[in-house]
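Every heavy atom of this structure was used, including side-chain atoms; hydrogens, water molecules and symmetry mates were not. The sequence lines fix the lettering, A, B, ..., with proteins before strands; numbering per chain opens at 1.
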Amino acid sequence: MDILHSLALGFSVSLQPANLLYCFIGVLLGTLVGVLPGLGSAATIALLLPITYHIPTTSAVIMLAGIWYGSMYGGSTTAILLRVPGESASVMTCIDGFEMAKRGRAGAALGISAFGSFIAGTVGLVGLIFLAPPLANFALSFGPPEYFALTLVGLSLVSFLGSGVWTKALVMAALGLLLGTVGLDPVVSHERFTFGVLSLQSGIDLVPMVMGLFGLSQVFSMLDRRPPTIEEIAKPPSRFSELMPNEAEWRLSIGAILRGTLVGFLVGILPGAGATISSYVAYAIEKRHSSTPERFGHGAIEGVAAPESANNAATSSGFIPLLTLGLPANVVMALMLGAFMLHGVTPGPTLMLQKPDMFWGIITSMFIGNVMLLLLNLPLIGLFTQVTRMPYRYLIPVIVLACVVGAYGVNNSAADIVVMLGFGVFGYLAEKFGYGLAPLVLAFVLGPLMEMSLRQSLIISQGDFAIFVERPISGVLLALGVAFVALPLVRRIFKPLAETALDPKAEP
Amino acid sequence: MRAARLGEALFGALLLGLGLFAIYQASTLPVGSLRQPDAGLFPLAVSVVLTLLAALSLGARNHAQDSDTAERAGIVRVVVLIAALAAYAWLLPRVGFIVCTIALLVLMLRGLGRVGWLWTSVAAVTGTVACYVLFTRLGLPLPDGLLGF
């Protein structure tokens with residue numbers, strides 16, 4: 001009853017004409033960048049952050065969220081027709097999706113990923129609606145030690161679950177925390193790392209930073225190599241009826257869609273994992289679960305249905321940590337937190353109580369957005385495949401222009417263009433040398449919260465670190481974090497030892 | 001490949017240097033005590049962690065390196081764009097948005113993208129003017145500069 005009341009309030013916000021328009025712009029843009037191989041959803045959201053200064057908070061978040069889940073729908077189109085992932089979360093879809101397309105079942109592959117995405121996205125939202133209120137209530141009792149434990153465990157998980165070498169990911173997290181301390185100290189207003197520069201007193205601005213890290217650095221890596229050559233393009237379906245999977249295909253897929261949804265939902269809540277990893281996990285589970293695993297890689301429709309459902313469920317559940325705890329679980333959520341903060345709103349357990357119209361308006365807009373995407377995607381697939389042919393030589397000037405104007409607009413100052421350029425070069429080199437950018441940005445936005453909660457905890461406990469272990473919730477969180485990080489490490493160290501011990505002929 | 005490995009080592013060294021510099025800077029701040037932490041405690045702790053981790057990861061291999069397909073001509077294009085953007089930031093308040101942006105777009109379309117002159121000039125001028133009109137309408141004043149627009 002309570003939930004119905006809240007949903008009614010939410011829809012009264014999200015069905016307002018202006019919000020419907022922002023939702024539509026969001027999902028349309030999301031689909032387009034999802035289809036475009038060079039440009040990801042994080043980059044697009046970073047580019048659009050400055051525009052959100054000029055529109056109300058709820059509408060801004062509705063639009064940015066639309067870009068995120070919209071890109072998941074779009075990514076599969078490129079994966080299936082061109083065997084190029086439009087988004088990193090659609091890598092797994094390339095394998096069986098393109099094989100299906102080669103056999104003339106492109107329509108069925110596109111259809112099942114659209115329906116699977118829709119089912120998963122919607123079911124994920126239902127999960128979000130039922131989980132968020134109790135979690136937010138629970139989080140109301142969190143004090144500084146709990147928040148310190150949450151940020152510490154969250155950042156460690158981001159570094160360990162992300163791709164690449166974990167020490168490098170942790171380096172970037174530490175650097176992000178350090179960048180977050182630039183400016184006036186939050187308690188006593190002591191200047192830190194400002195080097196006498198006045199504009200550094202308010203800290204480093206998130207907008208030029210992420211525009212550089214995700215927008216410009218992307219341009220640099222597009223420029224430094226030959227554009228990817230697309231070997232073959234499968235024929236896009238010409239008639240609407242071709243998009244309907246047949247009965248046998250539906251029977252094979254429905255289980256995969258439901259399992260993918262569950263996997264995506266659970267993985268999406270974890271810090272650092274997000275949509276991409278959930279699609280890997282869902283594909284692997286589907287292949288192991290199947291009675292005919294040899295079909296995978298040769299056009300098994302479950303290999304399309306499962307990862308596409310998983311990445312959409314993960315986009316829905318990824319909102320849970322942000323909206324209930326105020327903690328972003330991945331880079332896109334960190335940018336979303338940035339959008340909230342640009343408007344002076346702090347998401348967290350109190351958001352649902354203090355601004356229920358915003359909280360429920362955002363959630364219900366995602367139902368509307370998913371319906372729009374289903375209606376938009378199926379008839380317009382032919383048009384979207386044309387977009388994939390947009391060459392870099394036109395794409396690059398568009399991104400650069402958006403970066404330059406956006407960064408300038410933050411404070412009407414060309415100095416921000418220099419800041420953005422600096423972060424662009426840094427991000428380009430960091431990616432090249434295997435240092436991921438996600439931990440950096442997450443640590444940057446979480447840093448101030450982490451520092452405040454650490455200092456407050458130490459004052460409460462008179463300098464005793466036992467406070468983090470003795471309080472039950474923070475103790476359990478830290479223990480879980482340690483177990484999660486330590487177990488794979490222990491296994492990695494002992495497995496070769498055990499193998500050599502058991503097998504006398506093995507190399508030491 | 002060898003150049004890439006050298007670059008990686010240099011980048012790791014840069015991060016290590018950054019960590020050491022941050023330790024030095026943070027140690028000039030009032031650290032306080034654990035009972036009464038002051039402005040310097042958290043930055044100092046984080047810089048120590050950063051330095052240790054940067055040292056640790058100097059030895060780590062980057063597995064993605066082998067699939068990197070950067071080419072020499074590509075690196076030149078990147079450097080050209082970086083220089084152009086630096087010049088743009090310097091010239092923007094002095095020369096104005098219209099002139100600077102047309103020049104930047106021409107460089108990217110014609111110089112980097114090898115788009116024909118006709119298309120380049122049409123796209124550069126309409127793109128710049130559209131951007132100028134849109135953003136000044138939105139209430140974001142872009143610098144006018146020499147020509148009065």
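- Across B:Leu104, B:Val49, B:Ile75, B:Leu29, the residue that shares the most heavy-atom pairs under 4.5 angstrom with chain A is B:Leu29.
- The CZ atom of A:Arg192 sits 8.5 Å away from atom CZ of B:Phe42, with the distance rounded to the nearest 0.5 Å.
- Pairing each heavy atom of A:Lys168 with each of B:Ser57, the nearest pair is CG-CB, 3.9 Å.
- Residue B:Ile82 touches chain A through both its backbone and its side chain, counting heavy-atom pairs closer than 4.5 Å.
- Proximity of a side-chain donor or acceptor of B:Arg77 to a complementary backbone N or O of A:Asp224 within less than 3.5 Å is not detected.
- Interface remark: of the candidates B:Leu105, B:Asp38, B:Val76, B:Thr51, B:Asp38 forms the most heavy-atom pairs closer than 4.5 Å to chain A.
- Listed here is the closest heavy atom pair of B:Gly7 and A:Phe433: C-CZ, 3.5 Å.
- With a 4.5 angstrom heavy-atom cutoff, A:Leu178 touches chain B via backbone and side-chain atoms both.
- Nearest approach of B:Leu81 to A:Phe220, heavy atoms of both residues: CD2-CE2, 3.7 Å.
- For B:Leu107, no part lies under 4.5 angstrom from a heavy atom of chain A.
- Heavy atoms closer than 4.5 Å to chain A are found nowhere in B:Thr128, neither backbone nor side chain.
- Of all heavy-atom pairs spanning A:Leu401 and B:Gly127, the tightest one is CD2-O, 4.4 Å.
- For the set B:Ser47, B:Cys131, B:Pro30, B:Gly40, the entry with the most heavy-atom pairs within less than 4.5 Å of chain A is B:Pro30.
- Between chain B and the residues A:Tyr53, A:Phe195, A:Tyr428, the largest count of heavy-atom pairs under 4.5 Å involves A:Phe195.
- Heavy atoms closer than 4.5 Å to chain A are found nowhere in B:Leu52, neither backbone nor side chain.
- When every heavy atom of A:Tyr435 is checked against every heavy atom of B:Gly12, the shortest pair comes out as OH-CA, 3.8 Å.
- Closest of all the heavy-atom pairs between A:Val418 and B:Ala89 is CG2-CB, 3.7 Å.
- Looking only at heavy-atom pairs under 4.5 Å with chain A, the residue among B:Ala22, B:Ala124, B:Ala54, B:Ser33 that has the most is B:Ala22.
- Of the atoms belonging to B:Leu85, heavy atoms from both backbone and side chain fall under 4.5 Å from chain A.
- Interface remark: A:Leu421 contributes side-chain atoms only to the contact with chain B (heavy atom separation under 4.5 Å).
- Side-chain N or O atoms of A:Arg393 include none that pairs as donor or acceptor with a backbone N or O of B:Arg114 at under 3.5 Å.
- Residue contact with chain B, scored on non-hydrogen atoms closer than 4.5 Å, involves the backbone and the side chain of A:Ala430 alike.
- Heavy atoms of B:Ala123 lying under 4.5 Å from chain A are absent altogether.
- Residues A:Phe426 and B:Phe11 bring their aromatic ring centres within 6.0 Å.
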